[in-house]
Chemist: 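Have a look at this one before I ask anything.
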Amino acid sequence: MRTSILPTAAADGDMLSLVHRLGDPAFFLAPQFHPLLRELRRSAPVAWTQAWEDRGFWSVTRYHDIREVLNQPQLFSSQEYGSQMPTDPHMYDTAEARQAGGVGLIPTFTDGQIHDDIRKAVYKPFGPAQVAKLTELCQQVCDELIDGVIDRGECEFVGDVAARVPMYIICMMLGLPRADWDMLHSSVNSAINNEDPDVQLGDTPLETFRIAQKFQIDYLRDAIRARRASPTDDLIARSALAKIGDDLVPEENILWWCWSFLLGGFETSRNVISEGLLALINHPAQAERLRLAPEGEREAAEEMVRWTTPSPQMLRVATADTVIAGQPIKKGDWLIAWLASANRDETVFENPYMLDLERKPNPHLSFGYGTHNCIGRYIALLEIRRIIMTALQRLKNMEVAGEIDRVASCFGMGIKRMPIRFQAR
């Protein structure tokens, strides 16, 4: 049995009047968010969004239009202003700010041959064959985390489990000392959830992001230089020693690639694991069917990723005059590709507002599309499968035991705190 969560109905005019709020990450958590995206898909699939007083963007909401945008990096660039809606619409307006923020260096902020060459040089550890070798390690991590909470009968699932699975795995892959893991997690949390007052390091979200980012970059720069001087067997060393032709990849490029590994490794899986477990709690019949038929774990993990869409949007900048779905786009215009909308597109997904852990095929866009598809997707899916199946196999009668606290920023949205109670099987 599949359970449906449908958007709240509202008058068309009421919905479209909210389009300017798509520039506010807090709106991603509002009950009107998905109804607005649904109405945009129906009546204004490429809609001008005046999100700020002096800056706006085109909201692209239909699945196939979004794939078209993401699959043409030369026409719709992520190198012009980054790949996600910025915390501040002017944060990269100066050359100094662009350099400090890694524009043209972060993999998702880079287009063209340099992006493709570096990705090819560092890709091997992220391929399906290599990731499969991490299965035993990932299972050990999951067992260790469940061991730590099972006798208590309750836990704060995000902090005790969901955040720690990807943190442990990526830190081990990068070869980072365990003593530094919690410190790095705190810093990454501040960078990504910079709108959250509980983790702010400065007076504004932008200042918080920059403080946290500088700390991480300085830390990784030291690690890369140490690996080049004395190589080790870890992801930082393999990246630091990667070559294009006969030459080492420049340090600045490797630095920002490693930074993206760190952020992506900490955050995406955490949000899907938390939302995924909540979905199982809210859909007990599907949860029990999955527990009894674990061979369906791959389809279940993909559906959790679609259902959650932890990064709801991607930014692109038009490099030439063009047209999308009949709408003229000018050179220099910003476009936001709403992945959260693509993953609920009724023309692609049957019953898109239903969680269906057996959904197949499931061509969701949560990991992006085209040349910038997420390099860590196989690691994320492995982490999700292993911790969700471990929880189902070792815990029973799981239920939410208090208020769920959510957070959203330009980087994504997810559950901040989720107390649960359970019994051991």
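In what follows, every heavy atom counts, from backbone to side chain, and hydrogens, waters and symmetry copies are set aside.
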Chemist: Any pair with a residue in residues 267-279 that passes salt bridge (Lys or Arg N to Asp or Glu O under 4.0 Å), sequence neighbours left out, goes on the list, sorted by first then second residue, please.
Modeler: E267-R270, E275-R406
Chemist: Ring centroid separation for F28 and W338, is it under 6.0 angstrom?
Modeler: yes
Chemist: If you define the side chain from C-beta out and look only at heavy atoms, does anything of Q130 sit under 4.5 Å from K133?
Modeler: yes
Chemist: If we ignore hydrogens and angles and just use 3.5 Å, is the side chain of Q216 paired with the main-chain N or O of S187 as donor and acceptor?
Modeler: yes
Chemist: Nearest heavy-atom pair of F126 and G376: which atoms, and what distance?
Modeler: CD2-CA, 4.1 Å
Chemist: Might you work through the salt bridge (charged side-chain N to carboxylate O under 4.0 Å, His left out) test for K120 and D116, ending with a clear yes or no?
Modeler: CA-CA 6 Å; K120 182 178 180 181; D116 297 344; over 6 Å; no
Chemist: Would you confirm whether S260, through its side chain, and W257, through its main-chain N or O, come within 3.5 Å as a donor-acceptor pair?
Modeler: yes
Chemist: Establish, for the pair R359 and F349, whether the NZ or CZ atom is under 6.0 angstrom from the six-membered ring centre and no further than 45 degrees off its axis.
Modeler: no
Chemist: Donor-acceptor check, side chain of E403 to backbone of D405, threshold 3.5 angstrom: yes or no?
Modeler: no
Chemist: In this structure, is the centre-to-centre distance between the rings of W48 and W58 below 6.0 Å?
Modeler: yes
Chemist: So with a 6.0 Å cut-off around CD of E346, is the heavy-atom count from everything else above 12?
Modeler: yes
Chemist: Taking S269 for its side chain and E383 for its backbone only, find out whether a donor-acceptor pair lies under 3.5 Å.
Modeler: no
Chemist: Using atom types as modelled and distance alone, determine if a side-chain donor or acceptor of S409 lies under 3.5 Å from a backbone N or O of E195.
Modeler: no
Chemist: Tell me if a side-chain donor or acceptor on Q84 pairs with a main-chain N or O of L315 at a distance below 3.5 Å.
Modeler: no
Chemist: Return the minimal non-hydrogen interatomic distance between R210 and A97, and the atom names on each side.
Modeler: NH2-CB, 4.0 Å
Chemist: Hey, what's the ring geometry for F57 with W52, parallel, tilted or perpendicular (30° and 60° as the breaks)?
Modeler: perpendicular
Chemist: Using the side-chain hydrogen bond (donor to acceptor under 3.5 Å, both in side chains) rule, take H372 and S78 through it: C-alpha gap first, then chi angles, then the decisive distance, then the call.
Modeler: CA-CA 9 Å; H372 285 298; S78 62; 3.2 Å; yes
Chemist: Do E156 side-chain atoms and G159 backbone N/O form a donor-acceptor pair below 3.5 Å?
Modeler: yes
Chemist: Considering residues at least two apart in sequence or located in another chain, which fulfil the side-chain hydrogen bond (donor to acceptor under 3.5 Å, both in side chains) criterion with Q113?
Modeler: D117
Chemist: What's the verdict on side-chain hydrogen bond (donor to acceptor under 3.5 Å, both in side chains) for N362 and E303, showing C-alpha distance, side-chain angles and the deciding distance?
Modeler: CA-CA 7 Å; N362 194 345; E303 176 67 348; 3.1 Å; yes
Chemist: How close do A163 and H185 get, counting heavy atoms only, and between which atoms?
Modeler: CB-NE2, 3.7 Å
Chemist: Quick test of your reading: applying side-chain hydrogen bond (donor to acceptor under 3.5 Å, both in side chains), list the pairs with at least one residue in residues 198-209, sequence neighbours left out, ordered by first then second residue.
Modeler: D198-K416
Chemist: Between R221 and E252, does any NZ, NE, NH1 or NH2 come within less than 4.0 Å of an OD or OE carboxylate oxygen?
Modeler: yes
Chemist: Closest heavy-atom contact between Y219 and P177?
Modeler: OH-CD, 3.5 Å
Chemist: State, yes or no, whether a side-chain contact exists between F261 and I236 at a heavy-atom distance under 4.5 Å.
Modeler: no
Chemist: By salt bridge (Lys or Arg N to Asp or Glu O under 4.0 Å), which residues pair with R228, not counting sequence neighbours?
Modeler: none
Chemist: Just by distance, do the side chain of T49 and the backbone of G56 share a donor-acceptor pair under 3.5 Å?
Modeler: no
Chemist: Below 4.0 angstrom, N of the basic side chain to O of the carboxylate: do D160 and R164 qualify?
Modeler: no
Chemist: What verdict does the side-chain hydrogen bond (donor to acceptor under 3.5 Å, both in side chains) test give for D54 and H90, after you've listed the backbone C-alpha separation in whole Å, the side-chain angles of each residue and the deciding distance to 0.1 Å?
Modeler: CA-CA 10 Å; D54 58 348; H90 300 291; 2.9 Å; yes
Chemist: If we check side-chain hydrogen bond (donor to acceptor under 3.5 Å, both in side chains) with H364, which of these qualifies: R306, R344, E302?
Modeler: E302
Chemist: Taking side-chain hydrogen bond (donor to acceptor under 3.5 Å, both in side chains) as the cut-off, I'd like each qualifying pair that reaches into residues 235-249, sequence neighbours left out, listed once.
Modeler: D233-R238
Chemist: S274 and A162: which non-hydrogen atoms are nearest, and at how many Å?
Modeler: OG-CB, 3.2 Å
Chemist: Apply the test side-chain hydrogen bond (donor to acceptor under 3.5 Å, both in side chains) to residues S77 and D111: give CA-CA distance (whole Å), side-chain angles for both, the deciding distance (0.1 Å), then the verdict.
Modeler: CA-CA 7 Å; S77 173; D111 295 320; 2.6 Å; yes
Chemist: How close do N271 and M413 get, heavy atom to heavy atom, and via which atoms?
Modeler: ND2-O, 3.6 Å
Chemist: Hey, can you tell me if Y81 and W334 have their rings parallel, tilted or perpendicular (30° and 60° cut-offs)?
Modeler: tilted
Chemist: Any donor-acceptor pair under 3.5 Å linking the side chain of W181 with the backbone of L176?
Modeler: yes
Chemist: Just grab all the side-chain hydrogen bond (donor to acceptor under 3.5 Å, both in side chains) pairs involving residues 309-327, residues at least two apart or on different chains.
Modeler: T309-N343
